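Notes follow the structure.
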Amino acid sequence: MRTPVKRFPELGRVLPASDLVGTAVSRPGRGREGAVVAAAFVICLLGGTVRVEDALSAPPLAAYLLALASAAVLPARHRRPLAVLAATTATGLVAQPLGLVLSPLVIAPALVAAYACTLGVPGERRAAGAVTLAGVALLAGSVPLAGDLSWQDASRIGSVPAAPLVAGLVGHAARTRRAYLAAVEERARRAEESRELEARRRVAEERVRIARELHDLVAHQITLANAQATVAAHFFDSRPEQTRVSLRELVETTGQALDELRATVGLLRQTGDADTGVPEGPAPGLARLPDLLESFRRAGLEVTVREEGRARPLPPGVDLTAYRIVQEALTNVTKHASGRGARVGLDWGGGRLTVTVADDGGAPSGPPALSDRPPGYGLLGLRERATAVGGNLTAGPREKGGFLVTAHLPLPPARDAAVGEEGRMGRANDGTERTT
């Protein structure tokens, strides 16, 4: 007989062999157990009514004793299937010495034991061997002790050993089916667990993405507002006009921060909720780089841009990532650098876009920088952004002083040069150098 694992190899990878055996042997309730034992007793007792000459008569005392002895051990077949099979087989073998006809009816308890043995014995070969051995023993015990062998005797001799083998095959089929159902249930349970894990993973990734977006948005605008407020406080007494300019810029910066924050929150609320009325604008990209640089210049940071190579249209994710890298790097320069100058580089060569942001590392030329602020998650978020689009990012101090952020982002195949030229021309003027 073949094992369930061999017949269903995909199930064997789900449930180990020990679990298959434990699952296959499901003990019946007391009512069902009593019905099985009573049925085996009655069938065995009916077998005792058959005579050699095929006549029927009332069962003798020996038939009652044999039926009682063989049925009495059946309740233990789940705990000791091999012992119960041996006991019921041995009881059937004494039928002929007691004057009874050894037939499939007389060995009904042995058939029940063979079925339970196939279900409960660990190892298919071991169970098959025990059932086969019981069949061989019954075959030997069914040969008439005296007289000639008739056709009726030959039919009984063939049916007696075949009966436990058939019971074993039925038990094997039941074991295979139970193992299959148990494996399917286990696979369904594990699939449900994997779906829950995947859902939790997606929720965690979404939380990180939202946190990264809000960080890049809020950190940039608040840093500019803080810098403008610092300039206003620094020149409050000596240069009132400069203070007024800084305060007007501060109002504009905080207003822009509120608008962008409202738009971001509105986008987050549009995932299944009713329309919030917040217009959905395009995600920021390098086309908005001049406005970004101008906001830093108003905060007192001298920014220059150098662009090399032929610009290409970028996928939305790469375009947003490049914009956020420049934004966060310049925000860090504003917060932590001692100098007040920075350089932004865009290199479109080599099949990738290389974005560099470096500060001059010189002595401060204006109000004090915000270097006393504790470090945040800006660089970590930038690395996550670059990795998410298939690029990489490095950051560290320069040998000549200052700090350098370098990101390598993948570029799409060169096509639509006109659109790329428009994107490149859109970032004209405002201290921008180009080399093609």
Side-chain angles (χ1 to χ4, degrees), residues 1 3-4 17-48 59 61-98 100-142 156 159-179 182:
M1 289 183 289
T3 63
S18 59
D19 291 344
L20 293 178
V21 173
T23 303
V25 184
S26 57
R27 298 183 180 181
R30 292 184 178 180
R32 182 181 174 187
E33 180 71 22
V36 171
V37 174
F41 174 80
V42 172
I43 295 174
C44 181
L45 188 60
L46 290 177
L61 179 61
Y64 282 97
L65 294 178
L66 187 144
L68 181 62
S70 57
V73 298
L74 287 181
R77 67 186 185 278
H78 301 296
R79 298 187 301 272
R80 298 182 179 274
L82 291 177
V84 173
L85 178 61
T88 53
T89 302
T91 305
L93 292 177
V94 301
Q96 285 201 102
L98 293 176
L100 303 175
V101 177
L102 184 57
S103 65
L105 296 178
V106 174
I107 61 172
L111 304 185
V112 176
Y115 176 84
C117 182
T118 309
L119 282 179
V121 173
E124 291 290 330
R125 292 184 179 180
R126 187 180 178 188
V131 174
T132 303
L133 184 60
V136 172
L138 292 172
L139 173 63
S142 61
R156 282 195 293 267
S159 62
V160 168
L165 296 180
V166 172
L169 291 176
V170 174
H172 175 72
R175 176 177 183 152
T176 302
R177 180 178 179 276
R178 294 181 184 182

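Hydrogens, waters and symmetry mates are skipped; everything else that's a heavy atom, side chains included, is used. Keep in mind that what you see is a predicted model, and the values were worked out from it rather than measured. Along the sequence shown, the residues carry numbers beginning at 1.
Of the possible donor and acceptor atoms, one in the side chain of R77 sits under 3.5 Å from a partner among the backbone N and O of L74.
A63 approaches L100 most closely through the heavy-atom pair CA-CD1, 3.9 Å. S103 approaches V160 most closely through the heavy-atom pair CA-CG2, 3.8 Å. When all heavy atoms are compared, the tightest approach of T88 to S70 is CG2-O, 3.7 Å. Here the closest non-hydrogen pair linking A114 and A167 is CB-CB, 4.2 Å. Across every non-hydrogen atom of A95 and L102, the tightest pair is CB-CD1, 4.2 Å. Across all non-hydrogen atoms, the minimal contact from Y64 to F41 is O-CE1, 4.2 Å.
Counting heavy atoms from C-beta outward, P164 and L138 have side chains that approach closer than 4.5 Å. Two residues are said to be in side-chain contact when any heavy atoms from C-beta on lie closer than 4.5 Å; L105 and C44 fail this criterion.
Just one residue in the list L119, L111, V112 forms a side-chain contact (heavy atoms from CB on, under 4.5 Å) with Y115, and that residue is L119.
Here the straight-line distance linking atom CD1 of I107 with atom OG1 of T91 works out to 11.5 Å at 0.5 Å rounding.
Residues forming a side-chain contact (heavy atoms from CB on, under 4.5 Å) with L165 (at least two apart in sequence, or on another chain): V131, T132. Under the side-chain contact (heavy atoms from CB on, under 4.5 Å) criterion, L82 pairs with C117, V121, R126, A130, sequence neighbours left out. In this structure, the side-chain contact (heavy atoms from CB on, under 4.5 Å) partners of R177, at least two apart in sequence or on a different chain, are L181.
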